[in-house]
Amino acid sequence: VIGLLNLFSGPSGFRASAEILSFAFLRPFSSDGLKDKVLKKNLSELIGKGILIYRDYADEYRLWEGTDFDVPSAIRKRKAQLALQPLTEVLENSFPLSPLTASRHSYEKGTLRHFERRWCSLSELRGITPECFSDEVDGLILYCFGKEDPSETLPSHTKDGRPTVIGYAKCEEQLREMILDVAASKAVLKEASELLRDGVARKEASFRAQVAEDSLRRFVSDIFSPGSAEAVWYANNQVCSIKSDRELSALLSSLCDQAFYNCPIIKNELINRNHLSSAAARARRELMEAILTHEAEENLGMHGTGPEVAIYRTMLKAEGLHRKGKDGQWQFVAPKPGSNFFAVWDGLLKSIREATEKEVQMVSLVEMLRRPPFGMKEGPIFVLICLFLAIHSDEIALYQEGGFVAFFGSEEMELMVKRPELFYLKRFAPTGIQGKIFQVYRSLLNSSPLPEVANEIRNASMVSVVGPLVQFANGLQPYVI
């Protein structure tokens, strides 16, 4: 009978449990306690002889093929060891949570926003501000557990300003018992060398691990799913009513609207991400080279419908950042108030203007644009910085490893993308006697250009004067110097 029930067990849920066996061997609905005790005794004897095995976690008796490895005992020992570790650590290692997406915000703004999901105990939240483990996410969702109701205000943002949502449930003990079963079963299945040559024991350990994980997944879904009466959700320092997954996604989008209100809309999936494909990276490199060398040409001298042209049309041409002037020449134009890129451009300008007496690290500019209130992805950031340097070439100096970069070419641009920590910027604004001396040098350069300086200096700035002088000095023979 048990063998037949084992054949039909599984998705049907019809298993050889104590209740079903009692129904099969005893008179249905009988209340004869003596016969029930005899049945249990016989089952115990069969277990002792190794003919049957009882899976307490599934409430099921099964015919046992026989093995020398005691799977239940190994799991109990491993469970005792894991019980000494912090519960949050066990959860993160054995039952990590996948990120969630702010769907509506991502669709409207063109920037994909992910929220990291993580386990956390209520005691760990007291007196601290949480941080995201990953630098690739835009927010944090904490699945918090404890034994009592929160008695203080829960954090609404991470240390660097990314929005935080907290779901709290009083389920610490239940969660502890279930995750220890999962972690111990997985550990035995992975670490026990005896299982490598014992197929029966390996099959049993694998089944136990799968059943334990399925049970935990159902428990977490029942407790923390939106609409559950067991969990309370917190965001923006207040309790939120979330009845469905759709409402949770809407909350995430609303938080992203508030946190990244200065992020430009860039609806181009090729460029608007942190890690570009090889084709997108090549397209970005070609576009940045065109920005540096072909400002006066329509479409920056690019032809066809390649990815570099698509990025150019999305980021520059559609926003009016590259257009034909009144003189008929194509030129770059800084974003105006109301422009999609104005807030980002203004942020860059403020950072540079505050650095008249000190340098601004390129890494700090990239990090500023990646964090609230901008929240840009790295792909378009370097295109924007390249355009910024091209438009403000008359007043912003670029340094590489402490040395002045006289001319910003494709080689320097490519290195800046790969190693931004090697570069920093500095703004020069000559005034007073410095301004007068500068005007003298500028007049000399414009009226009597040096052989190596073929192009006339366009703008009145220290950089546009020093650059050609440095280039000329570098070309002199050693005996001249």
Side-chain angles (χ1 to χ4, degrees), residues 98-103 105-116 134-138 256 260 263-323 330 332 335 339-341 344-345 348 362-363 365-371 374-391 398 400 408-423:
S98 58
L100 285 184
T101 303
S103 302
H105 175 93
S106 300
Y107 174 77
E108 291 181 354
K109 306 299 182 182
T111 302
L112 197 60
R113 301 288 183 195
H114 293 298
F115 276 68
E116 176 181 296
S134 172
D135 199 42
E136 304 297 321
V137 297
D138 304 284
C256 287
F260 306 110
C263 183
I265 299 174
I266 305 174
K267 293 193 174 183
N268 188 312
E269 295 181 359
L270 280 173
I271 191 68
N272 201 10
R273 57 181 64 222
N274 284 325
H275 301 288
L276 304 183
S277 65
S278 57
R282 182 173 62 253
R284 181 179 65 177
R285 182 176 64 253
E286 291 177 1
L287 172 59
M288 293 172 68
E289 289 178 359
I291 289 175
L292 297 175
T293 57
H294 299 288
E295 176 186 358
E297 298 181 36
E298 184 178 2
N299 293 329
L300 297 177
M302 298 183 295
H303 304 282
T305 57
E308 66 281 357
V309 177
I311 298 171
Y312 161 76
R313 290 174 177 171
T314 301
M315 291 191 63
L316 276 66
K317 192 170 184 179
E319 297 296 329
L321 303 182
H322 185 234
R323 61 191 182 194
W330 284 85
F332 294 127
S339 167
N340 190 29
F341 286 96
V344 175
W345 200 270
L348 288 172
M362 183 67 68
V363 171
L365 289 179
V366 174
E367 191 65 19
M368 178 193 74
L369 295 181
R370 290 194 61 184
R371 294 288 163 253
F374 304 110
M376 292 182 66
K377 302 299 181 181
E378 275 195 17
I381 282 179
F382 286 106
V383 175
L384 191 66
I385 289 179
C386 184
L387 180 65
F388 181 82
L389 293 175
I391 291 179
L398 180 66
Q400 177 185 338
F408 186 50
S410 58
E411 294 181 359
E412 291 79 11
M413 174 270 297
E414 190 168 353
L415 183 61
M416 181 189 73
V417 173
K418 294 180 179 179
R419 299 286 303 278
E421 68 275 7
L422 300 180
F423 293 84

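FYI, the numbering just counts along the sequence from 1.
- The CZ atom of Phe382 sits 9.5 Å away from the CG atom of Leu369 when rounded to the nearest 0.5 Å.
- Remark: Glu286 pairs with Arg282, Glu308 by the side-chain contact (heavy atoms from CB on, under 4.5 Å) rule, at least two apart or across chains.
- In terms of heavy atoms, Met315 sits closest to Leu321 at O-CD1, 3.6 Å.
- Contact check on Asp138 versus Lys377 returns a salt bridge, with a Lys/Arg side-chain nitrogen under 4.0 Å from an Asp/Glu carboxylate oxygen.
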Task: Worked check of side-chain contact (heavy atoms from CB on, under 4.5 Å) between Trp345 and Leu387 - done: CA-CA 10 Å; Trp345 200 270; Leu387 180 65; 4.1 Å; yes
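- Summarising the geometry, atom CE belonging to Met302 is positioned 9.0 Å from atom CD1 belonging to Ile311; distances are rounded to the nearest 0.5 Å.
- Among all heavy-atom pairs drawn from Phe408 and Leu398, the shortest one is CD1-CD2, 3.3 Å.
- Considering only heavy atoms from C-beta on, Arg370 comes within 4.5 Å of Asp135 through its side chain.
- Met413 and Cys386 get closest at one heavy-atom pair: CG-SG, 4.5 Å.
- Among residue pairs with one or both ends in residues 411-420, those qualifying as side-chain hydrogen bond (donor to acceptor under 3.5 Å, both in side chains) are Arg419-Glu421; sequence neighbours excluded.
- Applying the ring-ring contact (aromatic ring centres under 6.0 Å, His included) test to residues at least two apart or on different chains, the pairs with a partner in residues 290-322 are Tyr312-His322, His322-Trp330, His322-Phe332.
- Inter-residue side-chain proximity for Phe115 and Cys256 is flagged as met; some heavy-atom pair is nearer than 4.5 Å.
- When side chains are defined from C-beta on, Glu319 does not count as touching Pro335, because their heavy atoms never get closer than 4.5 Å.
- Contact record, Leu384 with Phe341: CD1-CD2, 3.8 Å, taken as the closest heavy-atom pair.
- Contact record, Leu300 with Glu295: CD2-CA, 4.0 Å, taken as the closest heavy-atom pair.
- The structure places CE of Met376 at 10.0 Å from CE of Met368, a figure rounded to the nearest 0.5 Å.
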Under 3.5 Å donor-acceptor pairs involving side-chain atoms of residues 263-277, not counting sequence neighbours:
| unit_1 | atom_1 | unit_2 | atom_2 | d |
| --- | --- | --- | --- | --- |
| Asn268 | OD1 | Leu270 | N | 2.9 |
| Asn268 | ND2 | Thr314 | OG1 | 3.4 |
| Asn272 | ND2 | Gly110 | O | 2.7 |
| Asn272 | ND2 | Thr111 | OG1 | 2.9 |
| Asn272 | ND2 | Ile266 | O | 3.0 |
| Arg273 | NE | Glu269 | O | 2.9 |
| Arg273 | NH2 | Glu269 | O | 3.4 |
| Asn274 | OD1 | Glu378 | N | 3.0 |
| Asn274 | ND2 | Glu136 | OE1 | 2.9 |
| His275 | NE2 | Glu136 | OE1 | 3.4 |
| His275 | NE2 | Glu136 | OE2 | 3.4 |
| Ser277 | OG | Ala280 | N | 3.2 |

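- Residues passing the side-chain contact (heavy atoms from CB on, under 4.5 Å) test with Thr293, sequence neighbours excluded: none.
- Because its NZ or CZ atom is both nearer than 6.0 Å to the ring centre of Phe260 and within 45° of the ring axis, Arg113 counts as a cation-pi partner of that residue.
- Here CD1 of Ile385 is found 6.5 Å from CG of Leu348. Values are rounded to the nearest 0.5 Å.
- Under the rule for a side-chain contact (heavy atoms from CB on, under 4.5 Å), the partners of Leu112 that lie at least two apart in sequence or sit in another chain are Thr101, Ser106, His114.
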